[in-house]
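The structure appears below as structure tokens.
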2 protein chains.
Amino acid sequence: MTKPTTAAFPRPLTTVDVVILTIRAGALQVLLVQRPQQSGEPFPGQWALPGGFVDIERDQDLQGCALRKLAEKTGVNSPYLEQVGSWGSATRDPRGWSTTHVYVALLADDTLDLQKGGNAAGLRRAPVQGDGVGMALAFDHAMLLSAALGRVRGKTEYTSLPAHLLPAAFTLGELQHVYEIVLGRPLEKKAFRTRMLAADLLEDLGAQKETGRRPASLYRLREQAGLVYFTRSFEQR
Amino acid sequence: MTKPTTAAFPRPLTTVDVVILTIRAGALQVLLVQRPQQSGEPFPGQWALPGGFVDIERDQDLQGCALRKLAEKTGVNSPYLEQVGSWGSATRDPRGWSTTHVYVALLADDTLDLQKGGNAAGLRRAPVQGDGVGMALAFDHAMLLSAALGRVRGKTEYTSLPAHLLPAAFTLGELQHVYEIVLGRPLEKKAFRTRMLAADLLEDLGAQKETGRRPASLYRLREQAGLVYFTRSFEQR
DNA sequence: GGAATAGTGTCTCTAAGACAATATATG
DNA sequence: CATATATTGTCTTAGAGACACTATTCC
């Protein structure tokens with residue numbers, strides 16, 4: 001048996017898909033794109049995660065490819081971006097054996113500019129319901145979305161991840177609200193505030209948010225703050 | 001601008017690499033393979049993670065490809081196997097733009113059969129030292145290994161993951177020892193035992209391990225036991 | 001003052017850390 | 001008995017849960 005060479009192996013299709021999450025109207029929302037209508041295309045007209053083929057002329061690496069696709073759709077250049085994983089099989093794309101590399105991006109909804117990338121037509125946000133968006137998606141994108149949501153919810157139990165869904169300045173109440181939206185359950189106010197303030201994660205802006213009721217202190221994430229890991233999860237109830 | 005088609009995009013190379021970990025001689029060890037000596041091959045004769053091209057004729061999916069490569073090298077068919085992530089760039093393989101899907105497998109060292117897959121020559125275990133194996137590896141495999149070790153150590157802080165490095169029957173002392181090897185620091189005996197016994201993870205075999213001193217109770221993992229997640233991390237010191 | 005939201009006080013509870021004490025084996 | 005390892009007891013501590021209470025704004 002001779003050693004396999006590069007040429008001996010037919011190459012799978014290689015794509016990147018991005019799960020772009022924001023908070024809007026009190027719900028977690030995913031950005032979706034409509035598949036082209038041409039009859040040659042798979043899943044014509046169906047909604048799908050933004051993504052597509054890796055372009056080896058333009059993309060230096062997979063993360064760069066994900067950033068490019070994100071910027072094309074949203075105009076955002078430096079979001080929180082994390083790889084969820086990769087999926088590949090003979091059957092997930094009718095065009096042949098294909099792999100996809102799935103990233104999840106968390107953005108403040110107000111930084112999102114759907115016009116920036118050209119055609120805002122064929123772009124929409126859909127509210128997350130349970131494990132998905134309550135509608136069929138092209139390819140195996142419902143499963144990819146479910147995996148991304150699982151990752152985000154899992155990390156929300158013990159990291160500062162959801163902070164990236166908020167604009168630069170926010171109150172502790174808003175931060176707790178985002179956690180509750182992601183987790184789908186209420187959290188204890190006192191424990192939440194104690195945890196966040198003890199975490200060396202937030203910077204007090206010294207300003208107040210005027211809301212018509214008692215104003216709340218505004219915070220922002222510390223400069224270097226990547227993800228902060230807490231040593232305990234929130235209690236499972 | 002016309003819509004890109006399948007054919008318009010040159011396809012990256014697609015590979016799978018597997019970080020196969022066992023405990024041996026009181027240390028965490030990684031299985032390595034030697035690259036072929038032919039001058040046409042990249043990194044001839046260097047040590048690397050086991051892996052290679054996805055074979056779209058034989059592999060139904062990426063996980064199946066990882067399982068195949070694992071079985072070829074070790075004879076093991078049902079290990080603990082988890083995807084670590086994927087890496088892809090223009091430069092990581094001199095043969096061109098390539099992606100790899102990295103899996104980590106945890107095995108009991110005594111289930112590993114290096115003869116099973118044919119040539120045991122060019123196969124070795126190397127003890128983990130810090131973030132790697134203290135020697136150069138082919139491609140970007142040192143970085144891939146480091147990422148896999150990070151994943152395993154991270155999960156060891158709050159899951160039952162290291163149990164999969166032990167044979168079917170083991171004592172609590174052995175389990176704690178494995179945790180300590182993976183984490184590289186001692187753990188409190190009482191807290192460790194309380195946590196493990198409260199986790200509904202272990203089944204008391206009712207048998208004792210005879211060691212020359214006081215015998216210890218033997219346990220095994222419960223049937224359905226996948227990973228158990230603890231709600232607190234071990235303390236960082 | 002009433003309503004609403006921000007923020008604090010305080011008691012309980014759980015599980016980890018520390019470490020001493022006891023138990024069971026061998027020689 | 002001495003030694004070694006297994007297993008338990010118990011006190012302390014950190015941080016979460018529960019929830020009542022105070023503070024500040026607008027009307």
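For clarity, every value in this text was computed on a predicted model and none was experimentally measured. Each chain gets a letter, A, B and so on, in the order its sequence line appears, and its residues count up from 1.
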Separation of [N] [atom2] from [X] [atom1] (nearest whole Å):
X	N	atom1	atom2	result
B:Y179	C:dA16	OH	P	12 Å
B:L197	C:dA16	CG	P	12 Å
A:F230	C:dA16	CZ	P	19 Å

B:K189 or A:E174: which one's nearest nucleotide on DNA chain C is closer to the 5' end? A:E174
Shortest non-hydrogen contact from A:A126 toward A:V133: CB-CG1, 3.9 Å
Atom NZ of B:K209: over 12 foreign heavy atoms under 6.0 Å: no
Counting heavy atoms not belonging to B:R24, are there more than 12 under 6.0 Å from its CZ? no
When all nucleic acid strands are considered with a 4.0 Å heavy-atom cut-off, which category describes B:S217: base, sugar-phosphate, or nothing? sugar-phosphate
Report yes or no: is there a donor-acceptor pair, N or O only, under 3.5 Å between the side chain of A:R232 and the base of D:dA14? yes
Test: [X] and [Y] ion pair at under 4.0 Å:
X	Y	answer
A:R185	A:E157	yes
A:R68	A:E72	yes
A:R220	A:E174	no

Taking DNA chain D as the partner, which of residues 204-215 of chain B come within under 4.0 angstrom of it by heavy atom? B:R213, B:R214, B:P215
From the list D:dG9, C:dA16, C:dA6, which nucleotide is the closest neighbour of the side chain of B:K190? D:dG9
